[in-house]
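FYI, side chains are in, hydrogens and waters are out, and symmetry mates aren't considered; it's all heavy atoms of this structure.
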Amino acid sequence: MTTAGINIPIRKVTTAAATKLRVGSLTALVIGSMVGSGVFSLPQNMAAGAGPLAVLIGWAITAIGMLALVFVYQSLATRKPELDAGPYAYAKAGFGPFIGFNSAWGYWISAWVGNVSYVVIVFSALSYFFPAFGDGNTWQAALGASILLWLIHALVLAGIRQAAIVNVIVTVAKIAPIVLFVGVVGVAFKLDVWSLDFTAFGNASLGSITAQVKSTMLVTLWVFIGIEGASVFSGRAERSKDIAMATVLGFFTCLALYALVSLLSLGILSQPELAALQNPSMAGVLEAVVGRWGAILINIALVVSVVGAFLSWTLLAAEIPHVAAKDGTMPKFFGRESERGVPSTSLLITNLLVQAFLVITLFAQSTYQALFYIASAAILVPYIFSGAYAAKLALTGESYGNSEQRAGPLFAGLLATVYGLWLVYAAGPAYLFMCAILYAPGIIFYIWARRETNQRIFHPAEAALAAALALAGIAAAYLIWNGSISPL
C-alpha cells in the first residue's frame, strides 16, 4: 500500500517487488514533497526583502546551488546504492557516526518544524473564508490544526489504500492552479510595473543588493526542500538509477514553476504592494488580475496542496529516525513498527513534537514565515555534508574506476558545500541560535544509542564538537530567555 506516494510494506505481502517504487512514483514523491505551501506564498515572501533585480539574482544562485545538490544526490545514489537513507547515510559514511547522527537529527527537525508551518498556513488560507483563523496562530486555528494533525496520523498509521488515491488527487489539485496562475499572470504581465524601481533602492529599508539577495535565500531553499525525497527512500526504489532520474525531473519542473510565480508577480503588483499581501500571496496577485474568484481558487488549492505535502512529509519525517535506529545511530525504540510495517513509534514522537510546537506558536504568535525559516536553517547540516561527501569520494577515488573522470563530481560536491555554507551565512544569527537549541538535545539521544550498541561514544574531535554544540544551545536558550533574540 502507498501513503503520499510512499510505499509502506505490509507484512502480508509476499514479494519484494510489491513494495518497490518506480521512476514515476519517485518523481511524484520529489515533486509532492517540494510543492507544498511555499510556492503559494512566494510572491510576498520574495518581495518582502527584495526587488526584481535581487529576486533574479537570488533565483540564479539558487538554481546553480540546488542543481549542484541535484548532481550530488544523483552521483551518490549511483555510486553508493547501499546507502539507502539519503542525507543521513551519506554524512555517516563520510564523516563518522556523530556527524551522521546530527544529519539525521537535523533532517528530522526540519521535517517536523516544516509540518508545523504547513498547518499554520492551511488555517491562514482558511481565514479568507473564516476570519477567526487569523494568520493561522489563533486558538481556533491551533485547535483545527491539532485535529488535522491527528487525522493524518491515523491515516498514515492505518496504511489504508485510500491514501494513495488522496495523493493522486492532491498532486493534480496542487499543480493545476499553479499552471493556471502562471498562464493568466503571464498574459497580464506589465513590463513597466516589473521595471519600476528595478533595484528597489527606492525602499531604503531593503538595503543593498547583497542584503536583498540574502533575504531571498531561505525562501528559495524552503521551496526546494524535498529535492532529496527520492534519495531518502532509495532503499525502496525498484532500480537505483530511477532515483537520479526522479531527482532531476522533479528539480527542473519545480524550478520553472517557482521562478515564474515569483518573477511574473512582480509584473502585476509593485514590490511594496506584494510585500504587504497576506499569505498565501498568490491569491492576492491572482485576485488583482481576475477578481475574487482567483483568490478563492488559490486559497482552496493551497489547502488541498498543503494537506498532501503534510501527508508526504509526515512519512519522510518518521522515516529518518526509524532507519537510523535500525543501524544503531538512533535509540532502538525509534525502530519499532506496527503490524502493517509503519514506523509507528517514530511517527508518534514526530507528531507529538508537532503538537507541542503548535501550542508554542499559539502563545508566541509565530508566523508561517518564521517557522519555515527555522525548518530551512535546520536542514543545512545534512545538505552540506551530502555535498562534502560527494567531493570526498571524488578526491579519494573511492567508488570510481581508474578511467572515470572525477572533475565534474568534485566540482558539484564542492559547489553544493559552498552553497550550503553561504545559506548558513544568509540565515542570520537568530535562526541559527534557534537551530542550536533544537540540535543540542540530540546529544543525549546519540549517547543513548551508542550505549545500546556498546560502542565508543565520542572520539576526541567529536567530543569537542558535541561540547561546542551544547554550549551553543545553552547560550541560545539564554539569549531567547532574556529577550535578546526572538526568532519566533
Inset, instruction - Quick one: do Gln278 and Tyr128 satisfy side chain to side chain contact (heavy atoms under 4.5 Å, CB included)? Show the steps, please. - result: CA-CA 10 Å; Gln278 180 181 352; Tyr128 187 85; over 6 Å; no

Inset, instruction - Show your working on side chain to side chain contact (heavy atoms under 4.5 Å, CB included) between Tyr118 and Leu148 and close with a plain yes or no. - result: CA-CA 11 Å; Tyr118 279 162; Leu148 175 62; over 6 Å; no

Legend entry - Residues Phe95, Ser103; criterion side chain to side chain contact (heavy atoms under 4.5 Å, CB included); working and verdict: CA-CA 11 Å; Phe95 305 98; Ser103 288; over 6 Å; no

Inset, instruction - I would like to know whether Ser146 and Leu358 meet side chain to side chain contact (heavy atoms under 4.5 Å, CB included); could you show each step before the answer? - result: CA-CA 8 Å; Ser146 299; Leu358 281 173; 4.0 Å; yes

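By the 30° and 60° cut-offs, the orientation of the rings of Trp194 relative to Phe189 is tilted.
Using a distance-only test at 3.5 Å, with no hydrogens or angles considered, a donor-acceptor pair links the side chain of Ser386 to the main chain of Pro382. Of the possible donor and acceptor atoms, none in the side chain of Ser281 sits under 3.5 Å from a partner among the backbone N and O of Gly284. A donor-acceptor pair under 3.5 Å is absent between the side-chain atoms of Glu287 and the main chain of Gly294, judged by distance alone. Within the 3.5 Å criterion, the main-chain N or O of Val120 finds no donor-acceptor partner in the side chain of Ser124. In this structure a side-chain-to-backbone donor-acceptor pair under 3.5 Å is present from Thr216 to Val213. With Ser75 contributing its side chain and Phe71 its backbone, the two residues share no donor-acceptor pair below 3.5 Å. Judged by distance alone, with hydrogens and angles left aside, the side-chain atoms of Thr417 form a donor-acceptor pair with the main-chain N or O of Ala388 at under 3.5 Å. A distance-only check finds no donor-acceptor pair linking the side chain of Tyr389 to the backbone of Lys92 [under 3.5 Å]. In this structure a side-chain-to-backbone donor-acceptor pair under 3.5 Å is missing from Ser127 to Phe133. The main-chain N or O of Leu438 is found under 3.5 Å from a side-chain atom of Trp105 such that the two form a donor-acceptor pair.
Taking 4.5 Å as the limit, some side-chain heavy atom of Thr350 sits within range of a side-chain heavy atom of Ser346. Ile268 has its side chain out of reach of Val193: every pair of non-hydrogen atoms, C-beta onward, lies at least 4.5 Å apart. Considering only heavy atoms from C-beta on, Leu465 stays 4.5 Å or farther from Asn102 through its side chain. In this structure the side chain of Phe101 never reaches within 4.5 angstrom of the side chain of Glu462, judged on heavy atoms. For the pair Val381/Tyr107, no side-chain contact is recorded, criterion being any heavy-atom separation below 4.5 Å from C-beta on. A 4.5 Å side-chain heavy-atom check between Leu277 and Leu274 finds at least one atom pair inside the cut-off. Between Leu221 and Leu380 the shortest side-chain heavy-atom distance falls below 4.5 Å. With a 4.5 Å cut-off on side-chain heavy atoms, Leu76 and Leu393 count as touching.
Put simply, OH on Tyr73 and CE on Met66 are 8.0 Å apart, with the number rounded to the nearest 0.5 Å. Atom-to-atom distance recorded for Leu423:CG and Thr220:OG1 is 7.0 Å, nearest 0.5 angstrom. One distance of note links CG of Leu266 with OG of Ser195; it measures 11.0 Å at 0.5 Å rounding. Here the CD1-CG distance, from Ile300 to Leu126, works out to 9.5 Å after rounding to the nearest 0.5 Å. Distance CG/Leu149 to CZ/Phe357: 14.0 Å, rounded to 0.5 Å. Remark: Leu260 CG to Leu255 CG distance equals 9.0 Å, nearest 0.5 Å.
Ring to ring, Trp422 and Tyr419 are not that close: their centroids are 6.0 angstrom or more apart. Tyr258 and Phe224 have their aromatic ring centers within a separation under 6.0 angstrom. The distance between the ring centers of Phe445 and Trp108 does not fall below 6.0 angstrom.
Residues Gln212 and Thr199 come closest through the heavy atom pair NE2-O, 3.1 Å. The two residues Ala141 and Phe123 make their nearest non-hydrogen contact at CB-CB, 3.8 Å. Between Ala283 and Asn299, the shortest heavy-atom contact is CB-ND2, 3.6 Å. Between Val290 and Val184, the closest heavy-atom pair is CG1-CG1, 3.7 Å. Listed here is the closest heavy atom pair of Ala377 and Leu218: N-CD2, 4.4 Å. Ala466 approaches Ile443 most closely through the heavy-atom pair O-CD1, 3.3 Å.
In this model, a donor atom of one side chain and an acceptor atom of the other lie less than 3.5 Å apart for Glu273 and Ser270.
Tyr90 does not carry Lys392 over the face of its six-membered ring by the limits of under 6.0 Å from the centre and within 45° of the normal.
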